[in-house]
Amino acid sequence: MDDKIGEGAGSSVYRQGDFVDLCRGPHVPTTAMLRWFKLTSTSTCYWKADASRESLVRIYGWCFATKEALQNHETLMREAAKRDHRKLGKDLQLFHIDEMVGQGLILWTPRGSIVRNELQDFISSHLRRQGYNQVYTPHIGKLDLYRTSGHYPYYQESQYPPLVERDLMSKLADEGCSCSELSNRMDEGEIDGYLLKPMNCPHHIRIYSSQPRSYRDLPLRLAEFGTVYRWEQSGEISGMTRVRGFTQDDAHLFVTEDQIAQEVLGCIELVQVIFGTLGMDDYRVRVGLRDADSSKYVGESEKWDKAEQACRDAAASLGVPFTEEPGEAAFYGPKIDFVVRDVIGREWQLGTVQVDYNLPERFDLTYVGADGEKHRPVVIHRAPFGSMERFCGVLIEHFGGMFPTWLSPTQAHILTISEKHIDYADQVRTALREAGVRVEMDTGDDTIGKKLRTHRAMRPAYLLILGDEEASNGTVSYMGPDREQINGVALADFVASIQAEISSRS
RNA sequence: GCCAUUGUAGCUUAGCUGGUAGAGCACUUGAUUCGUAAUCAAGAGGCCGUGAGUUCGAAUCUCACCAAUGGCUCCA
């Protein structure tokens with residue numbers, strides 16, 4: 001009780017029949033209020049979340065005061081289940097996870113790759129506008145790089161174990177080196193190996209240090225859709241939202257101290273633009289600070305204080321409410337996270353902006369100031385989408401698989417009434433393709449009813465229906481994203497309007 | 001990783017207390033050429049997650065492993 005409830009803080013006790021519960025509450029005054037209930041699942045958990053203790057059975061259910069409220073909730077949950085990205089990902093052929101490839105490793109299929117590419121193009125266009133430089137770095141790096149960055153000791157449990165060169169391995173085997181000895185000698189830096197990169201920052205930092213830098217070069221903004229690998233416990237892995245290999249829309253901004261506020265703000269504005277375009281307005285802002293257990297973090301306390309204050313100031317200038325949460329910081333610095341809620345109420349951390357005084361120190365980064373002296377830059381880490389995998393997973397659910405036209409894997413599906421209309425359909429397809437529209441065509445011998453049923457299921461932005469009427473007048477009839485039907489639009493007009501819709505990303 | 005549940009064709013699934021598999025959709029072929037959410041018919045497709053064990057005999061029972069789902073813990 002002492003460590004759960006702080007000194008002087010209030011506590012409450014609830015009673016229901018013979019059951020007495022010490023709980024923050026609130027509880028309902030009486031279970032008589034919960035007339036309608038349904039048990040939904042059972043699971044286990046541990047007393048005080050300690051896996052070494054015996055497990056307890058937990059029973060989950062829904063209860064409501066009225067039958068209608070319960071039924072409404074059930075309907076809502078059924079609708080939410082239909083939007084599950086794991087289900088839609090399979091039905092709409094957006095991605096595949098293969099047992100033979102491995103748990104938590106996403107295979108992007110052609111349709112899903114289109115969505116990802118469109119998103120990447122979208123963000124890249126904003127980065128160019130904001131003066132970012134695109135870079136590419138490899139997927140592995142020497143262990144020594146991560147010893148310097150601090151990832152190796154501080155982030156070890158989240159990493160795949162190091163790769164050791166073949167010759168070195170056989171030499172160590174000849175010497176009778178045991179696995180635990182190997183591991184110890186790697187920890188002590190006697191043996192080097194390569195690590196699958198868990199983060200992109202060390203590589204980007206080495207690009208910074210590859211040249212002498214002047215204050216005139218700053219801010220230097222290095223961006224990469226960088227793929228990283230993290231060892232997640234098998235039970236954590238889920239669909240696209242929690243995986244072992246993922247691509248961050250990453251960038252590292254090398255700035256002077258007085259550029260921090262402005263650059264952090266620039267990052268946050270980018271996040272807001274992106275969320276705004278995609279209609280994601282159910283998100284909250286979290287300022288992640290370090291907690292009392294200082295062994296989890298690298299760097300000196302006064303640097304942390306400065307960085308935490310910078311994050312607070314930036315969040316405050318946003319004009320949206322934010323929470324400060326101790327223990328949510330990265331191991332090298334505090335951060336501002338954008339947390340979105342999915343259709344079933346789960347929260348996902350997507351975009352993140354982190355202020356880092358520590359890595360510049362560890363890598364001895366410098367720039368020459370106007371005074372001719374060497375100064376230490378500050379690094380801002382930022383990933384407005386978080387990772388392409390998680391972001392696409394959340395987006396699939398956000399849109400229920402019905403992507404806006406610019407993101408839609410196939411933007412127009414052409415359906416013919418009969419084989420008489422194939423020639424005209426070909427013309428329509430050519431016109432759309434030349435306008436850069438992604439088209440699919442069904443000239444098969446199914447009835448139009450069947451074709452509509454089949455193609456609607458794939459959720460294209462537009463369904464075009466072509467028959468005698470359209471072929472003889474050079475028009476199209478279509479159902480747009482709202483599935484309202486519009487008939488007899490001149491082909492050229494339709495092409496122009498869909499093209500405008502796509503290029504404006506509306 | 002821990003606890004629980006689950007694993008039958010590309011998808012959704014039937015298969016009772018053990019006697020080596022059925023269906024719908026999708027697919028292929030043929031017929032049909034059709035105006036708004038399933039045209040008709042035929043065909044093909046399964047070592048029942050993997051490996052052991054019990055048994056005369058295992059999709060079915062036992063064990064181990066793999067994977068998924070729901071939680072716990074952790075995270076982008």
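Just so we're on the same page: letters track the sequence lines, and every chain starts at 1.
Nearest nucleotide to the side chain of Arg230(A), out of C74(B), A68(B), A76(B): A76(B). Taking every side-chain heavy atom of Gln233(A) into account, G1(B) is the closest of G1(B), A68(B), A76(B).
Remark: A64(B) base-pairs with U50(B). Criterion, Watson-Crick or G-U wobble with two distances under 3.5 Å. As the counterpart of U33(B), no nucleotide is assigned, since no Watson-Crick or G-U wobble pattern has both distances under 3.5 Å. Both distances falling under 3.5 Å, in either a Watson-Crick or a G-U wobble arrangement, occur for no nucleotide opposite U17(B). Across every strand in view, U55(B) sits unpaired, with no contact that passes the Watson-Crick or G-U test at under 3.5 angstrom. In a base pair of the Watson-Crick type (N1 to N3 plus N6-O4 or O6-N4) or a G-U wobble (N1-O2 and O6-N3), with each distance short of 3.5 Å, C2(B) is matched with G71(B). G24(B): Watson-Crick or G-U partner is C11(B), with both key distances under 3.5 Å.
Tested against Lys451(A) for a side-chain hydrogen bond (donor to acceptor under 3.5 Å, both in side chains), the candidates Asp445(A), Thr416(A), Thr443(A) yield a single pass: Thr416(A).
Rounding to whole angstrom units, CD of residue Glu325(A) and C1' of C75(B) are separated by 14 Å. Following rounding to the nearest Å, Glu236(A) (CD) and A68(B) (P) show an atom-to-atom distance of 13 Å. One interatomic measurement links the two molecules: CG of Asp84(A) to P of C11(B), which rounds to 16 Å at whole-angstrom precision.
Residue-nucleotide stacking is not present for Trp348(A) and A76(B), judged by a side-chain ring centre under 5.5 Å from the six-membered base ring centre and planes under 30° apart.
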Under 4.0 Å protein heavy-atom contact, by nucleotide of nucleotides 26-38 of chain B - B base, S sugar-phosphate only: S----BBBBBBBB
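Legend: residues meeting side-chain contact (heavy atoms from CB on, under 4.5 Å) with Leu491(A), ordered by chain and number and at least two apart, are Tyr424(A), Val428(A), Ala431(A), Val476(A), Val495(A).
There is a side-chain donor-acceptor pair under 3.5 Å between Arg116(A) and Thr247(A).
Note: Phe331(A) and Tyr154(A) have parallel aromatic rings, judged against thresholds of 30 and 60 degrees for the angle between ring planes. The aromatic rings of Phe391(A) and Phe275(A) sit parallel to each other, their planes meeting at less than 30°, with 60° as the upper class boundary.
Considering all non-hydrogen atoms of both residues, Asp468(A) and His421(A) come closest at OD1-NE2, 2.7 Å.
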